[in-house]
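Here is the structure we will look at, set down as structure tokens.
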Number of protein chains: 2
Amino acid sequence: MARTKNTVTIDDVARLAGVAKGTVSRVLNNYGDTSAKTRDRILQAVERLGYQPSSAARKLKRGRVDTLGIVLPAGDGEHADPFLSEFLDGIAQALDLSDRDLLVTTAHSDEHAVAVHDRLIRSRKVDGFIVTRTQGDDPRIELLLQRGFPFVAHGRTRNTGFAWYDVDNERAFLEAVRHVAALGHRRIGFLGGPTRMNFAIQRRAGYRKGLEEAGIAHDPALESTCELSESSGAEAARTLLRLDEPPTALVCVTDTVAIGAMGAIRALGLAIGRDVTVIGYDGLPVGAYIDPPLTTFSQSAHAAGARAARMLIDVIEGVDPLERQELVPADLVKRSSDGPPQKTPQELKESLAK
Amino acid sequence: MARTKNTVTIDDVARLAGVAKGTVSRVLNNYGDTSAKTRDRILQAVERLGYQPSSAARKLKRGRVDTLGIVLPAGDGEHADPFLSEFLDGIAQALDLSDRDLLVTTAHSDEHAVAVHDRLIRSRKVDGFIVTRTQGDDPRIELLLQRGFPFVAHGRTRNTGFAWYDVDNERAFLEAVRHVAALGHRRIGFLGGPTRMNFAIQRRAGYRKGLEEAGIAHDPALESTCELSESSGAEAARTLLRLDEPPTALVCVTDTVAIGAMGAIRALGLAIGRDVTVIGYDGLPVGAYIDPPLTTFSQSAHAAGARAARMLIDVIEGVDPLERQELVPADLVKRSSDGPPQKTPQELKESLAK
DNA sequence: CACTATTTCAAAACCGTTTTTATTGACGAC
DNA sequence: GTCGTCAATAAAAACGGTTTTGAAATAGTG
């Protein structure tokens, strides 16, 4: 049974145009060494047959696939990471402009992630990777550096000898402190994250710098550390508010922690945004729905994805990765969980005593 | 400059094992016609060199890429569709089990989507497509059917001669009405979606059937149509509540519309779940965070993605697409936006008049 | 022991491109 | 005229696999 092939190849084009296939190829890749006449004839044949080169054959010869890869942490089957979906969308849109595509895979553990990257590299299905959710020491980045495979990380790691795109955590927290200081707060607490995380250290540094800039003495009692959960945020908030001179503002390492803190504040009978100001970080959509809507700092995941993709393309095309390191500021999303202090710390303490 | 190639090919393996490359290939593809001795030798060489076949070369000969494609509607750059990210996650996990990958692209319009599918087909970058967010008459599906290219749709269309996975929209809305009727509601409003969407028609049909089953006369004034946005949902809700005999329950085509409606209800000074019951559809995570948490119908996007991927693989491997059509029920996620009516429609009207 | 069937593997052909090399004809210079 | 030179294109050689073909070695049979 002679199954008729329904795909049109370069040979078909060459035959129709009456030239050698090499000539067709050169025309399509703009070598510019063909006469106008044959070029027109070839382009016409291409048009008529609706020819498009086979990516596999092309890649075999050229060694490129025009495809970028990303390995996502597998969701728990419940709710997918909202950040990632926006990030993906940004990547895809950037790629559309350059006629490349995105290969998406998931991994359910660090080891699995490394294995998947390795498989994709060896089977040459992608030209480079975008690595998200980086850790201080990241095994995926180790692998990619060791293999000399192009990639861009979203977020720095301890080692920084590669291309990355990151949000300026330090700057954001400096601005957070500046913002509440401008509202009139002088007792400003910090609910920080675990210091094994790179970003937690950066954010704390920004907090301290902000205090210094505002001329407020750094009080270690106001600087706490908690896990990145609501319950942990709630507990840390309670601790700070029990101080003899409680803070009138809380700057929180993430929105999740801030939401936990808000619950604790409300439970103590205080008004968020009036008695106690709360500032988050992440710009999670849920922050807009809670009561009162959370003032926070936000990085556009969409913009990050688009930019990271563009940077990766540059790296693949030979740009030195060290020339593709970008630090961008996070923007303040002003909602309603902040405001001028209505009470002094002493008054706050008294109202809590009741 | 003789750039040393750092990729290991089948020739390297063959040389190391002292056999012809054809033999290596047959061993790796389990032809079972090689002696145990040479097979071991070859596998050992493969192991030692860390050899993995080039996907491009392999595909060139076999005509398959082991990659599925999906073309997403491009987000607006603001918030990506939470449904899609979960759906993607489901697909990716299913693919992981079968050593295939997923190619993701975006399209910003119907025409663009068709063009992207066409490009991917012709450049043979994927073996098949998963088509989401189907419309009554879907140009993408037209294209794929015409090209005879394998695909699975998430959602039916007018034409149903292909593989699909769909939630039983009609049934869900029938159950929604049954649910609120059981709570004691008799004036039940419907905030429907644009009727160009197939699912909107199905959901409306379920609503009407539910009324019939409950023995409630269908009042066209209670059945409205809105776009799938919060603002549109809010407006539709206001319109219905201004009726002389306002509804005490609103069944909404999507969670987004329901959330908009809730905002409008609150703004009118009414208590959600007491004065007016609101039922959504989609099971969006955000629904759990709003106040009060939204009662809704949920389809697991994750499960849908995983199942659709599996179905597509079957179709690619030759199963008749007509044998891969599945209708699954949506489940009621009971939260707090519903309850027995506290007021009659007349009382509701009066309290609004104030 | 001659003869055939079976197993095992080497060699060659092929997939659809890109890239390199060769060939052809036209043209100008000597 | 003959000889390069140059432009344009044809022809051939990769690229890295899979699949087909066929030959040699081995086993089985009368």
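To find a chain, count down the sequence lines: A is the first, B the second, and so on, and within it residues start at 1.
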Chi angles and distances behind the side chain to side chain donor-acceptor pair (under 3.5 Å) call for B/Gln93, A/His108: CA-CA 9 Å; B/Gln93 271 182 255; A/His108 47 256; over 6 Å; no
What residues 43-55 of chain B contributes to the DNA chain D interface at heavy-atom separation below 4.0 Å is B/Tyr51, B/Pro53, B/Ser54
Looking for any heavy atom pair under 4.0 Å, which part of the strands does A/Gly32 touch: base, sugar-phosphate only, or nothing? nothing
Which heavy atom of A/Met311 sits nearest to which heavy atom of A/Trp164, and what is that distance? CE-O, 3.2 Å
In whole angstrom, give the distance that lies between atom CZ of A/Arg58 and atom P of D/dG16. 17 Å
Is there a side-chain polar atom (N or O) of A/Ser35 under 4.0 Å from OP1 or OP2 of D/dA8? no
Judged by atom type as modelled, is there a donor-acceptor pair below 3.5 Å linking the side chain of A/Arg26 to the main-chain atoms of A/Val24? no
Residues from residues 24-31 of chain B sitting under 4.0 Å of DNA chain D, heavy atoms only? B/Ser25, B/Arg26, B/Asn29, B/Tyr31
To the nearest 0.5 Å, how far apart are CZ in B/Arg156 and CZ in B/Phe199? 12.5 Å
Rounding to 0.5 Å, atoms CG (A/Leu95) and CZ (A/Arg310) come to a distance of 9.5 Å
Dot-bracket for DNA chain D: what is it, with Watson-Crick or G-U pairs under 3.5 Å, [ ] where a pair crosses earlier ones, and | for a pair to another strand? ||||||||||||||||||||||||||||||
Do B/Leu103 and A/Lys125 come within less than 4.5 Å of each other through their side chains, counting heavy atoms only? no
Does A/Lys21 contact C/dT17 through a side-chain donor or acceptor facing the base, at a distance under 3.5 Å? yes
Evaluate the criterion side chain to side chain contact (heavy atoms under 4.5 Å, CB included) for residue pair A/Leu28 and A/Leu43; output intermediate values, then yes/no. CA-CA 8 Å; A/Leu28 292 180; A/Leu43 290 178; 4.2 Å; yes
Kindly compute the distance separating CD1 (A/Ile316) from CG (A/Asp127), expressed to the nearest 0.5 Å. 5.0 Å
With respect to the phosphate group of D/dA10, does any side-chain polar atom (N or O) of A/Thr23 fall under 4.0 Å of OP1 or OP2? yes
Any side-chain N or O of A/Thr38 under 4.0 Å from OP1/OP2 of D/dT9? yes
